[in-house]
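Only a predicted model underlies this, so the values are computations on that prediction, with no experimental measurement involved. Sequence lines set the chain letters: A, B, ... in the order given, protein chains first and strands last, and positions in each chain run from 1.
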Protein chains: 2
Amino acid sequence: MTAPSPLTAHLGYWLRLVSNHVSARFAERLDRLGITVAEWVALRLLFDADSLPPSQLAARMGLTRGAVTKLADRLRARGLLARSADADDGRGVRLALTEAGRALVPALAEAADRNEAEAFAALSAEDRALLHGLLTRIATRQGLTAPPLA
Amino acid sequence: MTAPSPLTAHLGYWLRLVSNHVSARFAERLDRLGITVAEWVALRLLFDADSLPPSQLAARMGLTRGAVTKLADRLRARGLLARSADADDGRGVRLALTEAGRALVPALAEAADRNEAEAFAALSAEDRALLHGLLTRIATRQGLTAPPLA
DNA sequence: TCGATATAGTTTCCATGGAAACCAAAAGGC
DNA sequence: GCCTTTTGGTTTCCATGGAAACTATATCGA
């Protein structure tokens, strides 16, 4: 009958602590540009993909389709994203960046770069590589090259 | 003029991906016991502290006081937590576990232990220690032995 | 001691995201 | 070719948590 594990006994606790902090700081930076973290992820994915159905975006972001509908509405209202009907599928929709959306991405990426540098300043380049290796090892073992959902 | 960094270029991305996944899996486990992750954290902190003012709990959990008020209400409604007036400060409140709340903590801690084992199964004991070291190094550098808030 | 200020807690309002119900179109079985 | 089932997307409802306003008490300075 040992004492119940304290919070700090779990790697999961530290992972969450650091991750939340890094994301919160990143959110602050993005906020200055009027963008949320989720919006950044969507914009960056669409930057490469050119156009995606909401379901694809949802899968890659680890969100539900419902959440993506709403996210897309917000981005569309600000003129950063356009929605068009899928030519082949009467139900389908394609999401794509507008010119304004595309033009915004580099600045956001720079914010991400700066955040990254600041967040992991405590680690040497080798240690950062080490951390990267450990995290990706867990990720692949858990089968998540993509979604943290369910 | 290089291309904007892809999401996967940032450690922060992997950190968030893995952290969210681990927390989501943990949330599933706790859900079977009718508890959320935030509730677990509160219960575990109160288990050691015996009694805390809401502001203290908020600080240690990285939540606002408003959020703690509501969290405490939920736990109180389920008979896991009791609220009492502070003897010395007319404004103050003390939160403490009920017997039922206290009795629940060991089972929750075991769920946390099992989650931990499953989540980091990809890593050897040495690698887990390594990861722990890297994360705590970042945490202390960022001044967060406690709150991811602000 | 009284008035100004600070502090503890709560409440209200808002934003985000999940779950599930729902609708329309496509695909499959016969 | 129909009827059932599946799939893509949206909508509705709910839960959680932050921000800011608000209340009550305590503290500080003159």
Between A:His10 and B:Asp113, does the side-chain hydrogen bond (donor to acceptor under 3.5 Å, both in side chains) criterion hold? Intermediate values first, please. CA-CA 7 Å; A:His10 298 120; B:Asp113 294 341; 2.7 Å; yes
Quick tally for nucleotides 9-15 of chain C: nucleotides whose base has a protein heavy atom under 4.0 Å get B, sugar-phosphate-only ones S, the rest -, giving BBBB---
Within residues 36-50 of chain B, which residues have any heavy atom lying less than 4.0 Å from an atom of DNA chain C? none
Rounded interatomic separation in angstrom, taking [atom1] from [X] and [atom2] from [N]:
X	N	atom1	atom2	answer
B:Met61	D:dG17	CE	C1'	11 Å
A:Leu71	D:dT10	CG	P	12 Å
A:Asp86	C:dA24	CG	P	19 Å
A:Leu95	D:dG8	CG	C1'	12 Å
B:Leu57	D:dG17	CG	C1'	14 Å
B:Leu63	C:dA8	CG	C1'	16 Å

Give a yes or no on whether the backbone of [Y] and the side-chain of [X] come within a donor-acceptor separation of less than 3.5 Å.
X	Y	value
A:Ser51	A:Arg94	no
B:Gln142	A:Val22	no
A:Asp86	A:Asp89	yes

Applying salt bridge (Lys or Arg N to Asp or Glu O under 4.0 Å), run through A:Arg78 and A:Glu39 and close with a yes or a no. CA-CA 12 Å; A:Arg78 279 184 284 154; A:Glu39 287 165 359; 2.6 Å; yes
At what distance, to the nearest 0.5 angstrom, does OG of A:Ser5 lie from CD of B:Glu116?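 Rounded to the nearest 0.5 Å, the OG-CD separation comes out at 9.0 Å.
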Roughly how far, to the nearest 0.5 Å, is the CZ atom of B:Arg16 from the OG atom of B:Ser23? 12.5 Å
Within the structure shown, what part of the strands sits under 4.0 Å from B:Asp89 by heavy-atom distance: base, sugar-phosphate, or nothing? sugar-phosphate
With side-chain contact (heavy atoms from CB on, under 4.5 Å) as the criterion, how do A:Leu15 and A:Leu135 come out once you've worked through the C-alpha distance, each side chain's angles and the decisive distance to 0.1 Å? CA-CA 10 Å; A:Leu15 197 57; A:Leu135 291 173; 4.2 Å; yes
